[in-house]
Amino acid sequence: MSSQDEQIQQRKANLDALQALGVATYPNRFDRRDTVSALVDAHSAKSHDELEAERHESSTSGRILAMRSFGKANFLAISDGRSRIQVYIRQDSLPALDFDVFKTLDFGDWVGVEGRLFRTKTNELTIWASRLHFLAKCLLPLPEKFHGLTDVEIRYRQRYLDLAVNPESRRVFETRSKVVSAIREFMTARQYLEVETPMMQPIAGGALARPFTTHHNTLDMDLYLRIAPELYLKRLTVGGLERVFEINRNFRNEGISTQHNPEFTMMEFYQAYSDYQDLMIFTEELFSHVAHKATGGTEVIYGEQQISFAAPFARLSLREGAREAASRALGREVHLDELKVGDSAAAIATALGVEVLPGHGAGKIAASIFEARCEHRLIQPTFVYDFPTEISPLSKQRADDPDTVERFELYVAGFEVANAFSELNDPVEQRRRFEDQLKDRASGDLEAHQMDEDYIRALEYGLPPTAGEGVGIDRLVMVLTNSPSIRDVILFPLMRKRD
RNA sequence: GACCGGGUAGCUCAGUGGUAGAGCAGCGCACUUUUAAUGCGCGGGCCGCGGGUUCGAUCCCCGCCCCGGUCACCA
């Protein structure tokens, strides 16, 4: 019998022993008065003498994460997932039945404890147990207490084990929850209406990406999991909801990496009577607020870097970023004009080893150079603005330059965490842009946008001047929790099926 | 998809072409304030899976599976 099988048998035997004692093996409820965390928070500063004077009688519960036995003196450490507290068990302080129950306990079991608080000789806050209640059995051996669980495959596939034994993991997801709460609080305080739009869409629009497909049986209709909520949210602004936001999942049928999970969470919002410049200011305020609420300040450590979310953030035009990077890599001064003409831009890209596909204009080439050579260097929050029109089918052109749109992406720690633009609200121009996308699609670009006639009809009813933005929640949480992989901030990241 | 690294006890990890190792966890004994408790003793392994080479493979070779990283694609 393997070590694991052996331990399972022993734990089952202990469960049987409980039953033989007449104790409920899976009791229906336990009325706890205090969480472990509440006890620790309320009493951790109190001295031995203060505790003796108060003789606080507690009733709490948790999972056993340590057991030390000295014959008639025994110690447990129980945890509510956030804090842990020690329990002192001595035979002459408990009813005989409770001590018999104690003898059946295994590392990982759930118990309820009643008793007064005191400090041991080594000054540890401890519950002197007067009652012990069995709550639930841990039949499988838990990872060991000292090294915890470090195998990332088990941490991702069996997140419950990770959370049970790695407090750092718990903290990451608590921070994630704070981030989402802070965003909601920030948006609703500014009169944004929180909405939910379809996750299953007949046309997967609002972004350039490959969708997942699904099917509705009764309607006999193929559907896509959404790649973005964008077109639905702007329909709401057409309807007069001037400020809307949605926090929800997007699904993109693309690669997996430290920065990409097939389903990921975005906060997307639209605001009438604003443009992309207004959103830069708004974004600075939002990120400062969220960083403060989630971490207590605006300075965070990410890997080797210290990142500041204090406003203002740096601003850099995409072409200037590409120009600087090209100059640095080629060892000569590259001029902006060279990036604005297809032939010279293509020559620079080729010299840099950046692939240029037929049909790519100067704008797309400049963007490729930026992505290959510049973006990973943007550690401090940086607004990269003025994107080429050809890669921005839903953004409004600059009044002074139709090849450039009023759009920015926010980069932090070398990757994109937000994307925003002044929304294209001219239905004729929007139709022309979709038609350009259809040509790309016809030439094999699976990520090109599809035609959405109803969206154009909505624009024909009139979208006021509006700016919109999407914020990648997972990536923001990565930066705020110093997590190197997106899988560290998603409770159940997608993994290959395993037998 | 390509390349690199990894998969050995429940967990964390050593290791070798010749009977498989440690610490923790587990079991037994001792111990009435311990802190990764300690001491003594014991049990626990398809060395990811399948082929091949070999007298003999956990180790060498080939294929496959899973995980991680880099690149490609993307946010």
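Just so it is clear: chains get the letters A, B, ... in the order the sequence lines come, proteins before strands, and each one is counted from 1. We use all heavy atoms of the structure for the numbers below, so side chains are in, but hydrogens, waters and symmetry mates are not.
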Under 30°, 30 to 60°, or over 60°: which ring-plane class applies to A:Phe309 and A:Phe287, parallel, tilted or perpendicular?
tilted

Between A:Thr35 and A:Arg82: side-chain donor-acceptor atoms closer than 3.5 Å:
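No.
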
Per-residue pairing states of RNA chain B in dot-bracket (Watson-Crick or G-U under 3.5 Å; . unpaired, | other strand) read (((((((..((((....[..)))).(((((.......))))).....(((((..]....))))))))))))....

Compare the aromatic ring of A:Phe70 with the six-membered base ring of B:C31 and state whether they stack according to the 5.5 Å and 30° rule.
no

Is the base of B:A75 stacked against the aromatic ring of A:Phe264, taking ring centres under 5.5 Å apart and planes under 30° as the test?
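Answer is yes, a stack.
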
Among the candidates B:G26, B:U34, B:C13, find the nucleotide nearest to the side-chain atoms of A:Thr150.
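Nearest nucleotide to the side chain: B:C13.
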
Work out how far the P atom of B:G10 is from that of B:G6, and round it to whole angstrom.
22 Å

Would you call A:Asp436 and A:Lys439 a salt bridge, using N to O less than 4.0 angstrom?
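Yes.
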
Donor-acceptor pair under 3.5 Å, A:Thr120 side chain vs B:U34 base:
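Pair found.
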
With nearest nucleotide decided by heavy atoms, which residue, A:Glu263 or A:Tyr88, maps closer to the 5′ end of RNA chain B?
A:Tyr88

Using a 4.0 Å heavy-atom cut-off, does A:Asp151 contact any base of the nucleic acid, only the sugar-phosphate backbone, or nothing at all?
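Touches sugar-phosphate only.
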
Which atom pairs link the protein and nucleotides 7-10 of chain B when you take only N or O atoms and keep those under 3.5 Å?
{"unit_1": "B:G10", "atom_1": "OP1", "unit_2": "A:Gln4", "atom_2": "N", "d": "3.2"}
{"unit_1": "B:G10", "atom_1": "N7", "unit_2": "A:Ser3", "atom_2": "OG", "d": "2.9"}

